[in-house]
There are 2 protein chains.
Amino acid sequence: MADMTRKKPTSYDVAKLAGVHRSAVSRAFSDGGSISAETKEKVMKAAKTLEYRVNFFARGLQKQNSGLVGIVASRLDTPYRAKQVKLASHELIENGYTPILLTVDKSDDVSGRMSSLLNYNISGMIVTSDTPPAKIIEECIQYNIPVVLINRDPSITGTDRIQLNIEDAGQLAFDMLCKAGATKFGVLMPQTQTYTVQGRAKIFAQKCRDAGFPITIIETQGQSYAAGTDATQDVYEKLDDIDGIFCTTDLMAFGLLDGLRNQYNIAVPGQLKILGFDDVDQASWGAYNLSTINQDIQQSAIAAVDLMMKRLETPLKPLETRSILLTPIHRGTT
Amino acid sequence: MADMTRKKPTSYDVAKLAGVHRSAVSRAFSDGGSISAETKEKVMKAAKTLEYRVNFFARGLQKQNSGLVGIVASRLDTPYRAKQVKLASHELIENGYTPILLTVDKSDDVSGRMSSLLNYNISGMIVTSDTPPAKIIEECIQYNIPVVLINRDPSITGTDRIQLNIEDAGQLAFDMLCKAGATKFGVLMPQTQTYTVQGRAKIFAQKCRDAGFPITIIETQGQSYAAGTDATQDVYEKLDDIDGIFCTTDLMAFGLLDGLRNQYNIAVPGQLKILGFDDVDQASWGAYNLSTINQDIQQSAIAAVDLMMKRLETPLKPLETRSILLTPIHRGTT
DNA sequence: ATGAAAGCGCTAACAC
DNA sequence: GTGTTAGCGCTTTCAT
């Protein structure tokens, strides 16, 4: 393999070729630079032949803005989260930013990883992981780095946020199961993890009580497919008290459905109505055909980036929280 | 909201507080810096109280290495790809790199986006998207930026690669269906997209012919769940000629299974044996219980990062291709 | 082992 | 509108 290595051209190389000064090159590649059309054209032509690219490290050193935005996400291999990150990434790129992906899962050093983002002078941070460390977020705020939290615990303050309204979510779930004819309710409630998942479970339970219906709370380990299958026996044994169950994530609903089908012979929705949450792709798959509640994930990704950009423009504007649009999806399990 | 903004401390601030020269700070934070233990400690202490972090933009300008690595990925909302990106990201971070996520899907300007990575002086690039533009990759190579291609068309040359052996894959699929008792074969073959998907379909067909069995090729639009359901009627109509079908992705297998269950009454595996490929999470879910072929995605992520690092160390070493480990997974559909 | 000084590639304030 | 100049914060020779 012959060494065809070449060095990257600098603005100086371009200037020399175009017969102008380096600063003219800079102006040609900057937005508000006062430069004549013909000079700019000369520069651009030279830049093209040399395949010149502005060195963002040099630019970022000079400006106090890197164009890099951190996306902090856990459980990226989960359908909902994968789509969320995809759309956030897409939206950032469309707006001229470059996303840094920070995957953090249990046993990872979340704090250390998020801290390392600050080495890169990031322009902003979008957090959709479990339990982001408050300390790092505070530090970002001090440095005027906008942080947007998606569906995170409101105990972390000082940031803009995108959040589903757990009140609406719980109410909507109750309404859907009610309309489907349920009168004895159950809910799958994870013991840990996401604030909004537990939140909607609690509100749902409250709505049931408020309306004078019995509600059985079944605690789960996590919010995954396995959590749903693990809860199957529990649900089965309490079937006298439950004819409509709210699974607070689609994944748990899939697990429960499969568990019931596999081990017992329960008619869904005849004997038991099942409602999921999130409306991930699999919910519409024939095997599940799951009634659920859609979170408008695209809207929320767009809103997150928008919030970040607005805060960049106006650092001192009042904190803002935007709600994620919720839509009931009636399919075959209610 | 009071303005609590502070400026980031620089190495100069730390030096002042520690009573040393800036270069001592640099040495304290560099790996091979010759510095006395006590000076280093002084520096570290000062750095800690000021919450100093090395500015990677300044460092990256000086060294010719940014620590940033581009992950170029399409269809991130797909189970296989999501896991792949998650693991690659994790592996990069573990090795001290910072992943930039470049999502590219149809209608996106792939070339422009990948080109923008070069603005950041990236240390390397891991590509797992469809149809990466050869031009950009060539340019990376010229600048000595290691590029690792995962399961991409071999017509793009000059890079290290991670790839499943399509020969093995086709053979394995044939063997599995054979052992399950199939004698009349079918295969779902996407008309576009991934090289390895089409590749294993073609090899599979060839193996069937070589062994003297009839093979029916059914072309699909894409390789998704919908592609599988769309193929259902086609498969149904050809059921006289097929008793074992190789769906070249799990997603297509799910679609086909659901399509068959929903519209027809076909016994699987009695009447028709179905084999998927990838072993995504959903394949083990109760509703599908799909026999498939596992690609060791963790091994491939680790190998990709390893290959990149090796190339960084030894830019001129011969090009290398590593194979992805394949494992037959026997479940309920064969 | 440490301080001094040059310079990575760029932008922006300043002259003209 | 364009050239000049002074840094952005760091690493890295080179002296000492």
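In the text below, chain A, chain B and the rest are named by the order of the sequence lines, each starting its count at 1. What you see is a predicted model; the values in this text were computed from it and never measured.
If you measure from atom CG of B:Asn119 to atom P of C:dG9, you get 14 Å, rounded to the nearest angstrom. B:Ile35 has its CD1 atom 8 Å from the C1' atom of C:dA1, to the nearest Å. Rounded to an integer number of Å, the gap from OH of B:Tyr120 to C1' of C:dC10 is 14 Å. Rounding to whole angstrom units, NZ of residue B:Lys40 and C1' of C:dT2 are separated by 15 Å. Separating the CG atom of B:Asn55 from the C1' atom of C:dC10 is a distance of 14 Å, rounded to the nearest angstrom. A:Gln64 places its CD atom 13 Å from the C1' atom of C:dC10, with the value rounded to the nearest Å.
Between B:Leu117 and the options B:Ile71, B:Leu102, B:Leu68, a side-chain contact (heavy atoms from CB on, under 4.5 Å) holds for only B:Leu102.
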Give each protein N/O atom lying under 3.5 Å from an N/O atom of nucleotides 11-15 of chain C, with the pair distance.
| unit_1 | atom_1 | unit_2 | atom_2 | d |
| --- | --- | --- | --- | --- |
| C:dT11 | OP1 | A:Arg59 | NE | 2.6 |
| C:dT11 | OP1 | A:Arg59 | NH2 | 2.9 |
| C:dT11 | OP2 | A:Ser26 | OG | 2.6 |
| C:dT11 | O5' | A:Ser26 | OG | 3.4 |
| C:dT11 | O2 | A:Gln62 | NE2 | 3.2 |

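Atom CD1 in B:Ile136 sits 11.5 Å away from atom CD1 in B:Ile141 (nearest 0.5 Å). The line from NZ of B:Lys8 to CG of B:Leu50 is 14.0 Å long, rounded to the nearest 0.5 Å.
Applying the ring-ring contact (aromatic ring centres under 6.0 Å, His included) test to every pair with at least one member in residues 31-51 of chain A, sequence neighbours left out, gives no pairs at all. Sorted by first and then second residue, the ring-ring contact (aromatic ring centres under 6.0 Å, His included) pairs with a member in residues 50-81 of chain A read A:Phe29-A:Tyr52, A:Phe56-B:Tyr120, A:Phe57-B:Phe57; sequence neighbours excluded.
Within the 3.5 Å criterion, the main-chain N or O of A:Asp160 finds no donor-acceptor partner in the side chain of A:Arg311.
Salt-bridge check for A:Glu139 with B:Arg53: passed, with a basic side-chain N closer than 4.0 Å to an acidic carboxylate O. Of the charged side-chain nitrogens involved, none lies within less than 4.0 Å of a carboxylate oxygen, so that B:Lys7 and B:Asp13 do not count as a salt-bridged pair. A salt bridge does not link A:Asp105 to A:Arg75: none of the charged side-chain nitrogens sits closer than 4.0 Å to a carboxylate oxygen. Salt bridge status for A:Arg6 with A:Glu51: present, with a side-chain N to carboxylate O gap under 4.0 Å.
Backbone-only engagement by B:Thr10 is indicated by non-hydrogen atom pairs under 4.0 Å involving sugar-phosphate atoms exclusively.
Running 5' to 3' along DNA chain D, contacts with non-hydrogen atoms of chain A at under 4.0 Å begin and end at D:dG1 to D:dG9.
Remark: A:Lys45 engages no residue in a side chain to side chain contact (heavy atoms under 4.5 Å, CB included) (not counting sequence neighbours).
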Given pairs defined as Watson-Crick or G-U wobble with both distances under 3.5 Å, what dot-bracket annotation applies to DNA chain D, with ( ) intrastrand, [ ] crossing, | other strand and . unpaired?
-> ||||||||||||||||
